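Predicted, not measured: the structure shown is a model, and the values here were computed from it. Chain letters run A, B, ... following the sequence lines, proteins first and then strands; every chain starts at 1. All values below were derived from every heavy atom in this structure, side-chain atoms included, with hydrogens, water molecules and symmetry-related copies excluded.
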Number of protein chains: 2
Amino acid sequence: MSEIANILENLKAIKGVHGAALIEKFGLMKGSALPGWVDHEAVAAMVTLILKASQRATKELEQGQFYNAIIESGKGKILFNTVKENVLVVISTVEAKLGIINLKLSAATQALESLL
Amino acid sequence: MSEIANILENLKAIKGVHGAALIEKFGLMKGSALPGWVDHEAVAAMVTLILKASQRATKELEQGQFYNAIIESGKGKILFNTVKENVLVVISTVEAKLGIINLKLSAATQALESLL
């Protein structure tokens, strides 16, 4: 297994995390540990959309470079974190603890940065 | 001053908060306490964009109804919270404490829900 896949599988192993994926900013999937019920193409497309919307919003509001985003919904949370020219996406349940996820996410981000 | 405007001004008064606005889901501004350097039209347009992107993402990933989002950038944070058919937007600095803001945001959301 590649080192990227290994890092993503470790994120997926966190309690309450459905899966994780690393997507290049134009939508290319660089690695994924997503569950079977998730359409990979849809995730990649969604990331590009969120990224564009976020970047435009931060630009219009003079907020500087996009760094990360969290979307909370009725059935779960989606976390988007920039890693160089890529976005690391983590899909979790509502119950998942953001504190624990963010801690492991920051370690994963550092590890990925050294690989990319 | 209307009650909505009053609630938004109270949010703006929080340390580190640049301003707040209440926007109907199709982009109509229902109330605002935004600083002069912020283009109101742009904020309304951005909210619709973020909302569409978020809703599509949560739908594709079977995450249920969109609830809220936070975007963190180099120079600040933007918080989006649904209030019935509207989105309450709060623009803050990087240093602003999310704990304090979220506490006051939840009180503001409840107050707005009783008015809308």
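- At a threshold of 4.5 Å between side-chain heavy atoms, the hydrophobic network of Ile, Leu, Val, Met, Phe, Trp and Tyr places A/Val87 and A/Phe26 in two separate groups.
- Of the residues considered (B/Lys77, B/Gln65, B/Lys75, B/Gln63), B/Gln63 shows the highest number of contacts with chain A, using heavy-atom pairs under 4.5 Å.
- For chain B, the nearby parts of A/Asn68 are the backbone and the side chain; heavy atoms of each come within less than 4.5 Å.
- Between the CD1 atom in B/Ile71 and the CD1 atom in A/Ile71 there is a gap of 8.0 Å [rounded to 0.5 Å].
- The two residues A/Gly64 and B/Ser73 have their closest heavy-atom pair at O-CB, 4.0 Å.
- When the shell of 6.0 Å around NZ of B/Lys84 is examined, it contains more than 12 heavy atoms from other residues, nucleotides or ligands.
- By the criterion of side-chain heavy atoms lying less than 4.5 angstrom apart, applied directly or through intervening Ile, Leu, Val, Met, Phe, Trp or Tyr residues, B/Leu22 is grouped together with B/Ile70 in one hydrophobic cluster.
- Shown here is A/Glu41, whose CD atom has no more than 12 heavy atoms of other residues, nucleotides or ligands within 6.0 Å.
- Of the atoms belonging to A/Ile78, heavy atoms from both backbone and side chain fall under 4.5 Å from chain B.
- Within 6.0 Å of atom NZ in B/Lys12, more than 12 heavy atoms from other residues, nucleotides or ligands are found, so the atom counts as buried in its surroundings.
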